[in-house]
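Numbering of ligands and ligand atoms starts at 1, following listing order. Because the structure is predicted, anything quoted here is derived from the model rather than measured.
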Amino acid sequence: MSKATDPDRILLVEDDERIRLEVLDALQAGGFVVSVAATLKEATDLVQNGFDLVLLDLGLPDGDGLDLCRSLRASGDDMPIILLTARDAPEQRVRGLDVGADDYVVKPFHMPELVARIRGLLRRSGSKTATGLLRADTLWLDPQARTVGRDDQRLDLKPREFDLLQFMMTNPGRAWTRDQLIERVWGKSFDGDARTVDLHIARLRSKIETDPSDPRYVETVWGVGYRFQDES
Ligand code: CA
């Protein structure tokens, strides 16, 4: 499986430990390399190392995340910044965009949406991870064009089938439970059940596998769930 060799590096600034761990987990699963900061001071120190993108909480124990945003822009740094904002503070978002943030998400956010926003911003800033073609044997997936194919034949996937395949191809060789796939691909707010995952896997296999009854790419891991197999 060839994939971008140089993963994007993200600085996650968030003082709420629960949110921090949840986002960290989702980003790592998405193939990003993540550094974390829980205070404005830590963030200000760490950001000097250079990142491809910053996820910035505004209400930090020792100050306002907007100050970091403002000082980065004042020094001419144009690294993409996404604000993590509270639902009840719309004025924060306006101020954030005013001082140079690129985008914002509102808590509690839908993790797949956050990851999609990150990829969108990285794409616009010319990143490799977000634009890199994912390949396994003759199967390929283009995250940017949202197209999938086998050799030179294009395959027609529904949006959720595409998301599921992209997620699994980004994390080859790892077994996922149905609940984990629901959380990562559908999001926490999804109220369907494990059967939904099985149905989507079956449809995906019918499209990407040469022999869906003997899948070469999406393997069933008995007692666990599914795994994307990247070895020939
Ligand atoms: Ca906070």
For the pair [X] and [Y], find out whether any cationic side-chain nitrogen is under 4.0 Å from an anionic carboxylate oxygen.
{"X": "Lys207", "Y": "Asp156", "value": "no"}
{"X": "Asp62", "Y": "Lys41", "value": "no"}
{"X": "Glu22", "Y": "Arg18", "value": "yes"}

Any idea how many protein N, O or S atoms are nearer than 3.0 Å to the Ca ion (ligand 1)? 3

Which residues pass the side-chain hydrogen bond (donor to acceptor under 3.5 Å, both in side chains) test with Asn49, not counting sequence neighbours?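 By the side-chain hydrogen bond (donor to acceptor under 3.5 Å, both in side chains) rule, Asn49 matches no residue at all.
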
With side-chain contact (heavy atoms from CB on, under 4.5 Å) as the criterion, how do Leu83 and Leu58 come out once you've worked through the C-alpha distance, each side chain's angles and the decisive distance to 0.1 Å? CA-CA 7 Å; Leu83 305 178; Leu58 298 182; 3.8 Å; yes

Can you measure from CG (Asp102) to SG (Cys69) and round to the nearest 0.5 angstrom?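 Going from CG on Asp102 over to SG on Cys69, the span is 8.0 Å.
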
